[in-house]
Amino acid sequence: MKHYIDFHEDVGIEELNYLLDIAADMKAKVKTGIEHHYLKGKTLAMIFTKSSTRTRVSFEVGMYQLGGHALYLSNDAIQIGRGETIHDTAKVLSGMVDGIMIRTFSHQDVVDLAKYGSIPVINGLTDDQHPTQMLADLLTIKEVKGDLKGLKLAYIGDGNNVANSLLQACAKAGMDIAVASPKDYTCPQKYVDQALEDAAVTGSKVLMTTDPYEAAKDADVLYADTWTSMGQEEEKAKRVEIFKDYQINKDLFSVADKDAIFLHCLPAYRGYEVTEDIIDGPRSYVFQEAENRLHAHKAILVNCYLNS
Ligand code: CP
Ligand code: NVA
């Protein structure tokens with residue numbers, strides 16, 4: 001069974017190139033109106049226990065463009081919201097649909113869905129990881145910079161799901177990665193170790209620091225995410241204070257490479273993790289990045305469905 005749950009475990013170094021190539025190919029097909037019904041008649045159940053704009057729309061539109069059909073299942077509309085177990089949900093859905101995409105809090109729930117079900121499972125974000133975002137990010141960097149190997153990405157901010165997945169993805173792509181976070185908000189060591197393991201193979205470097213300027217130095221990509229992730233809303237005021245020196249702005253760009261670009265998984269909060277002049281300025285590729293969720297997710301779907 002081909003799942004897409006954890007970038008480190010589920011995406012091989014060669015497979016990453018294949019995924020990026022088919023994403024680019026399907027993007028070209030969409031732009032030129034060439035039909036690509038690789039998943040004709042296939043279905044995808046999409047479970048959401050957290051909000052989403054990009055992930056939901058891209059998977060739903062993606063299945064349609066591939067000739068299949070997606071069902072949106074929000075937490076409060078299905079029985080999971082009333083306590084039905086992951087075990088039973090996995091068994092029931094496996095009998096009716098061809099794959100599951102889930103966005104939820106607990107990473108273990110996604111792992112269990114795959115364990116008890118008999119169809120591919122795609123992780124649309126958990127508290128720990130955001131692997132589908134990574135393929136769109138790498139596709140965008142490749143489009144803008146031409147290649148990935150040898151580039152440096154600096155992530156500035158909370159050591160959250162996006163930061164963890166960036167550690168996994170950059171090391172796998174042969175990109176140097178630097179993460180700058182406040183002392184008690186850095187990524188779990190597990191993700192640093194996974195990145196170091198792949199970096200030893202791909203030849204990239206991994207830097208963990210509390211200094212945003214050290215991370216941003218000579219970087220080709222400066223990457224931000226919200227300081228307050230879904231589920232942390234009550235901590236917002238405290239986090240604004242803790243993260244105030246971890247903003248991507250003109251000053252930080254001044255130490256990066258002169259052709260550095262800005263990326264953000266979105267949704268963005270202008271004036272907090274990034275200033276308006278940067279996110280709405282010429283170095284920002286955030287809307288190309290958002291569109292690439294569609295093309296990247298179609299590659300993930302095709303790879304999971306056709307190789308399971
Ligand atoms: N970046 C991202 O996952 O966006 P959504 O929360 O809108 O899906
Ligand atoms: N870290 C953010 C990402 C949103 C796409 C969150 O989990 O809310």
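Index from 1, following the sequence. We count ligands from 1, going down the list as the structure has it; atoms in each ligand are counted the same way.
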Nearest heavy atom to atom 7 (O) of ligand 1 wins, so pick from T53, T55, T226.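 The nearest heavy atom belongs to T53.
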Per atom 6 (O) of ligand 1, closest listed option by heavy atom (R54, Q133, R103):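 Looking at heavy atoms only, R103 sits closest to atom 6 (O) of ligand 1.
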Close N or O approach (P267, ligand 1; < 3.5 Å): no
Distance-only N or O hit between ligand 1 and L266, under 3.5 Å: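 Yes, L266 has an N/O under 3.5 Å of an N/O on ligand 1.
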Under 4.0 Å, heavy-atom basis, I'd like to know which part of R56 is in contact with ligand 1: side chain, backbone, both or neither. neither
Starting from atom 8 (O) of ligand 2, find the nearest protein heavy-atom neighbour and note its residue, name and distance. M230 N, 2.8 Å
How far is atom 3 (C) of ligand 2 from the closest protein heavy atom, and which atom is that?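 I find the closest protein heavy atom is D225 OD2, 3.7 Å.
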Check the surroundings of atom CD in E276: do more than 12 heavy atoms from other residues, nucleotides or ligands lie under 6.0 Å from it? no
Would you say E234 has more than 12 foreign heavy atoms packed within less than 6.0 Å of its CD? no
Please identify each residue that fulfils side-chain hydrogen bond (donor to acceptor under 3.5 Å, both in side chains) with D10, with sequence neighbours left out. none
With respect to D225, which candidate in N161, I156, L266 satisfies the side-chain contact (heavy atoms from CB on, under 4.5 Å) definition? N161
Distance-only donor-acceptor hits, side chain of residues 176-185, under 3.5 Å, sequence neighbours excluded:
residue	atom	partner	partner atom	Å
D176	OD1	K205	N	2.8
S181	OG	G157	O	2.8

Do ligand 2 and N161 have nitrogen or oxygen atoms that lie under 3.5 Å from each other?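 Yes - when backbone and side-chain N and O of N161 are compared with those of ligand 2, one distance drops under 3.5 Å.
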Quick check on L266 - does any of its heavy atoms sit under 4.0 Å from an atom of ligand 2?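 Checking ligand 2 against L266, which is what was asked, there is a heavy-atom contact under 4.0 Å.
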Identify the heavy atoms of L139 and L20 that sit nearest to each other, and give their distance.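 The pair with the smallest heavy-atom distance is N-CD2, 3.6 Å.
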For C265, take its heavy atoms, then give the atoms of ligand 1 lying under 4.0 Å from any of them. 1 (N)
I need the atoms of ligand 1 closer than 4.0 Å to a non-hydrogen atom of R293, numbered in the order shown. 1 (N), 2 (C), 3 (O), 4 (O)
